[in-house]
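Read the structure below first, then the notes.
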There are 2 protein chains.
Amino acid sequence: MSTPAPEGYDPHAYAPFAVTVDLAVFTVREARLHVLLVERGQEPFRGRWALPGGFLLPRESAEDAARRELAEETGLGQDTVGALHLEQLRTYTAPDRDPRMRVVSVAYAALLPDLPEPRGGGDAASARWWDTGAAGPLAFDHDRILADAHDRIGAKLEYSCLATAFCPAEFTLGELQQVYETVWGVELDRPNFRRKVLNAPGFVQAVEGPPRRTGGRGKPAALYRAGDATALHPPLLRPPGPDAPHSAPEGRER
Amino acid sequence: MSTPAPEGYDPHAYAPFAVTVDLAVFTVREARLHVLLVERGQEPFRGRWALPGGFLLPRESAEDAARRELAEETGLGQDTVGALHLEQLRTYTAPDRDPRMRVVSVAYAALLPDLPEPRGGGDAASARWWDTGAAGPLAFDHDRILADAHDRIGAKLEYSCLATAFCPAEFTLGELQQVYETVWGVELDRPNFRRKVLNAPGFVQAVEGPPRRTGGRGKPAALYRAGDATALHPPLLRPPGPDAPHSAPEGRER
DNA sequence: CAAATAGTGTCTGTCAGACATTATTGG
DNA sequence: CCAATAATGTCTGACAGACACTATTTG
């Protein structure tokens with residue numbers, strides 16, 4: 001846009017593109033990472049599952065479009081969607097990523113606590129949660145977007161307080177640990193996890209009145225709320241995998 | 001793009017957008033972080049400085065467009081530009097960010113070793129390096145893009161081997177340390193810096209033949225090349241600032 | 001009581017920052 | 001010799017992982 005354009009140029013002289021948003025909406029259900037998908041009703045990829053999303057309106061930012069689409073496809077209230085953390089992932093611009101026309105897509109990730117199935121109605125009729133491991137080949141380049149999103153979320157858990165976004169307003173440290181274990185696909189030592197979470201200033205704050213809640217049998221756990229910090233100091237680093245010496249994951253836009 | 005579109009819809013029914021790339025090209029000169037800017041030759045913002053960039057061609061990806069524009073504006077060879085690390089930052093979509101028309105811009109960051117001034121010629125005639133601290137108000141929302149880019153680069157230095165991209169093919173550890181100090185705006189302890197860099201597998205590799213090079217007077221330093229790793233284990237963490245207890249920097253898309 | 005989950009305490013090796021010291025060059 | 005930069009070594013405190021142990025609930 002800073003390249004000198006011809007004097008008195010006509011906007012239509014530049015190639016028009018369609019711009020969409022695609023949403024990778026995650027939740028943790030039963031110790032598995034799930035993603036919200038919609039079934040396509042028409043070609044191309046009719047019958048295949050895809051990330052929810054849609055076209056930007058003429059005077060709408062991508063983030064506004066993402067919230068609007070999310071509300072439409074999940075049936076969540078505008079207030080919930082309005083307060084939600086939306087993380088811009090990256091933008092996909094391969095010329096042939098949509099066979100119909102030139103489409104540039106801005107991808108976002110969103111994290112939700114475990115919710116009931118999206119209520120049928122409007123666009124949400126065909127939406128459901130899928131285990132990320134079981135989600136088959138998706139439409140367009142959405143497999144790639146989903147993989148990028150998973151990587152990014154996993155990386156962000158290390159140095160941000162994002163994990164609480166997967167939890168309800170009040171949660172136990174066991175539930176928070178479950179989020180980390182599910183997204184990272186590892187098991188963590190409970191005492192050490194507690195120590196790190198409680199030592200990170202502003203990550204969580206204890207809920208005063210000693211109400212407690214149980215997750216079945218066993219000792220009831222203390223409840224916490226998300227703290228006021230957004231970044232995590234010190235970071236809660238992922239245990240070094242038994243694998244590669246030095247690889248280069250995506251993600252990390254810290 | 002997954003929102004059900006009307007059956008047999010016409011692409012022109014959807015709002016057309018212009019898509020551009022904007023480039024934050026950084027280098028370290030004389031212990032200061034510099035960015036490549038171009039002076040605008042026409043309205044809007046005539047005479048103001050802006051990030052280099054330009055419109056996507058009809059069948060070109062954003063990264064291809066970024067490399068093409070970079071070659072045009074800096075006069076760098078296609079081979080250099082082709083091997084360069086380009087980091088997609090984020091996409092800016094505010095509806096009024098360009099007063100002329102609806103423009104969505106994909107921003108990239110690039111890191112270069114200290115180079116001579118861009119050769120005049122073609123679009124590069126008005127390009128020059130600016131100290132990031134002295135760069136005045138830029139055109140459009142480029143101040144914001146530049147600030148985001150600086151944050152991101154700073155964060156990436158912590159957990160990636162990106163810093164070597166600021167250095168020539170063979171460099172000393174003092175030069176590498178200078179990169180960190182300049183981007184982060186802090187001073188680092190040299191012995192500790194050496195230890196961490198040399199302990200990070202694949203970050204740098206010593207150049208065999210004991211050639212040495214000097215940066216003035218003082219003991220000549222051993223030379224190193226970039227290693228084969230792209231991620232840094234363990235990360236080289238920024239010293240905790242004397243400031244805020246917990247803030248939320250941009251950056252970090254790790 | 002057994003099983004399951006929550007929570008506390010401790011030990012030990014590693015690594016961080018801080019800093020002293022030596023080495024090698026130019027002026 | 002002095003200044004400047006490079007390189008090595010050492011000390012100490014903080015923190016990580018590992019793990020033993022206690023507490024509280026359900027069946």
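Numbered from 1 within each chain, the chains take letters A, B, ... in sequence-line order. Side chains included, hydrogens not; waters and symmetry mates left out as well; all remaining heavy atoms used.
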Checklist entry - Which ones in residues 183-193 of chain A lie close to DNA chain C, meaning a heavy atom under 4.0 Å from one of its atoms? => result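 Residues of residues 183-193 of chain A under 4.0 Å from DNA chain C: Arg190(A), Pro191(A).
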Next on the checklist: Both Pro234(B) and Gly174(A) contact DNA chain C. Taking the nearest nucleotide for each, which residue is further toward the 5' end?
Outcome noted: Gly174(A)
Check the distance between [N]'s [atom2] and [X]'s [atom1] and give it to me in whole angstrom.
| X | N | atom1 | atom2 | answer |
| --- | --- | --- | --- | --- |
| Leu237(A) | dA14(D) | CG | P | 20 Å |
| Arg217(B) | dC1(D) | CZ | P | 18 Å |
| Lys219(B) | dT21(C) | NZ | C1' | 12 Å |
| Leu173(B) | dT8(D) | CG | C1' | 13 Å |
| Leu198(A) | dG9(C) | CG | P | 12 Å |
| Gln177(A) | dG17(D) | CD | C1' | 14 Å |
| Leu236(A) | dC15(D) | CG | P | 14 Å |
| Leu176(B) | dT5(D) | CG | P | 17 Å |

Checklist entry - Does the side chain of Tyr92(B) come under 3.5 Å of the side chain of Asp148(B) through a donor N or O and an acceptor N or O? => result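 Present: a donor and an acceptor within the cut-off.
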Next on the checklist: Tyr224(A): which residues meet the ring pair (Phe, Tyr, Trp, His ring centres under 6.0 Å) condition with it, sequence neighbours left out?
Outcome noted: none
Checklist entry - Quick one: side-chain hydrogen bond (donor to acceptor under 3.5 Å, both in side chains) partners of Thr172(A), sequence neighbours excluded? => result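 Testing Thr172(A) for side-chain hydrogen bond (donor to acceptor under 3.5 Å, both in side chains), a comparison that skips the adjacent residues, returns none.
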Next on the checklist: When you measure from the side-chain N and O atoms of Arg194(B) to the phosphate of dT8(D), is any distance below 4.0 Å, counting only OP1 and OP2?
Outcome noted: yes
Checklist entry - What residues, two or more places apart in sequence or in another chain, satisfy side chain to side chain contact (heavy atoms under 4.5 Å, CB included) together with Gln205(A)? => result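 For Gln205(A) the side chain to side chain contact (heavy atoms under 4.5 Å, CB included) partners, ignoring immediate neighbours, are Arg225(A).
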Next on the checklist: Ignoring hydrogens and geometry beyond distance, is the side chain of Arg195(A) in donor-acceptor contact with the base of dG17(D) at under 3.5 Å?
Outcome noted: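 Indeed there is one.
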Checklist entry - side-chain contact (heavy atoms from CB on, under 4.5 Å) between Val106(B) and Thr91(B): does it pass, once the steps are laid out? => result CA-CA 4 Å; Val106(B) 184; Thr91(B) 297; 3.8 Å; yes
Checklist entry - Can you tell which of dT24(D), dA16(D), dA7(D) lies closest to the side chain of Lys196(A)? => result dA16(D)
Item to check | Results of salt bridge (charged side-chain N to carboxylate O under 4.0 Å, His left out) for Arg29(A) - residues two or more places apart only | outcome: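 Asp114(A), Glu117(A).
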Checklist entry - Does Asp189(B) have any salt bridge (charged side-chain N to carboxylate O under 4.0 Å, His left out) partners at least two apart in sequence or in another chain, and if so, which? => result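 Counting only residues at least two positions away or on another chain, Asp189(B) forms no salt bridge (charged side-chain N to carboxylate O under 4.0 Å, His left out).
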